[in-house]
Structures are given as C-alpha cells and as structure tokens.
Amino acid sequence: MGKANLLSIVPLVPAIEMEKAIAFYTEQLGFNNHIRDGEPLTYAGLKNGNVEFHLYKTSEKYLCEWSVIRIETNNINDHYEKYKKREFLHPNGKLELKTYGLKEFSLLDPNGVLVTFFERN
C-alpha cells in the first residue's frame, strides 16, 4: 500500500447569478462548464487545464464580495493584455510586481468575486 498524497484542490466559489458567472468564466476566461446541477441551477463545475473550481448558488452578496480565486499562470503579460481590453479589471488590479515577489493583476467576475492571476518570479 502506497503513501496517501493530496492531489488537488477544488474550491467552492459563491455566485448570486449562476448563468452570468458561468458565461463569464467560459466565454471570457476560457473555462469549460463540466458540471451542472439543480433546477434551477444551484451548482456548477468549471475547469481550464489544471485549474478547477465549483460555483454554488447563494443570495448573500457579501459572500461574493469577500471571496477570492488566485490562479497561477505563466506569460502573465499576455493574459493581462488580453483581459485589460475587456473592461473587467479590478480598479486597483493593474499588473504589477508585488513586494512579496509575485507579479499579478486582478479582475472582478459578474458577482463581485475577485479573480487574481499571478506569476512567480
């Protein structure tokens, strides 16, 4: 019997408007919607390469506004150039090298969740 290892993490992210959130992540950020549950929709799974998270329906706006998804990437300059033209960057989310050594930028999803892309230097 082999040693038990942790393999991945799939965070749950709140969404008030599920369809708008799914459209944002699939159409704007290139994720695939591979799980849909509930009628009306209350749960969804989104995946892009090795990055996966699930959305859950909530009516509590503060849950969205206090939630953050951090996505590690490479070629962050290319991502930033692509997304800054789409006008959903966070007002304070411009691309910059942070004092803690990560280069990052942030945007907001339609429900107010902060999505931060970062690259290690």
Pairwise side-chain contact, Y25 with D109, heavy-atom cut-off 4.5 Å (strictly under): yes
Exercise: do E52 and H34 side chains pair donor with acceptor under 3.5 Å: yes
Ion pair K57/E19, N-O distance below 4.0 Å: no
Student check: side-chain heavy atoms of N121 and L97 closer than 4.5 Å: yes
Point-to-point distance, once rounded to the nearest 0.5 Å, from CG of L107 to CD1 of I69: 9.0 Å
Hphob cluster co-occupancy, L46 + L114, side-chain heavy atoms under 4.5 angstrom: no
Closest non-hydrogen atom pair between E104 and K98, with its separation: OE2-CE, 3.5 Å
Steps toward side chain to side chain contact (heavy atoms under 4.5 Å, CB included) verdict (I16, S59): CA-CA 5 Å; I16 293 171; S59 60; 6.0 Å; no
Donor-acceptor under 3.5 Å (N33 side chain, G45 main chain): yes
Closest contact, heavy atoms only, N77 versus K103: OD1-NZ, 3.1 Å
Min side-chain heavy-atom separation L108-V115 under 4.5 Å: no
R70 and E72 ion-paired at < 4.0 Å: no
K47 side, atom NZ; N50 side, atom CG - distance, nearest 0.5 Å: 7.0 Å
Gap between atom CG of L55 and atom CD1 of I22 - 0.5 Å precision: 6.0 Å
Nearest-0.5 Å distance, OG1 of residue T58 to CD of residue E17: 12.5 Å
Members besides W66 in its Ile/Leu/Val/Met/Phe/Trp/Tyr cluster (side-chain heavy atoms under 4.5 Å): L12, I35, Y43, Y56, Y62, L63
Atom pair CG/CG of N48 and L29 - distance to nearest 0.5 Å: 8.5 Å
Validation row: V13, H54 side chains within 4.5 angstrom (heavy atoms): no
Geometric class of the F105/Y80 ring pair [parallel <30°, tilted 30-60°, perpendicular >60°]: perpendicular
Closest contact, heavy atoms only, K84 versus L89: CB-CD1, 3.3 Å
Heavy atoms of other groups near K94 NZ, more than 12 under 6.0 Å: no
S67 versus V113, closest heavy-atom pair with distance: O-CG1, 3.7 Å
Criterion side chain to side chain contact (heavy atoms under 4.5 Å, CB included) on N32 and T26, from CA distance to verdict: CA-CA 6 Å; N32 294 311; T26 58; 6.0 Å; no
Atom pair OG1 (T116) and CG (L102), whose distance is rounded to the nearest 0.5 Å: 10.5 Å
Minimum-distance pair of heavy atoms, taken over all atoms of K61 and G112: NZ-N, 4.2 Å
E87 versus Y83, side-chain donor and acceptor atoms under 3.5 Å: no
K82 atom NZ, over 12 foreign heavy atoms within 6.0 Å: yes
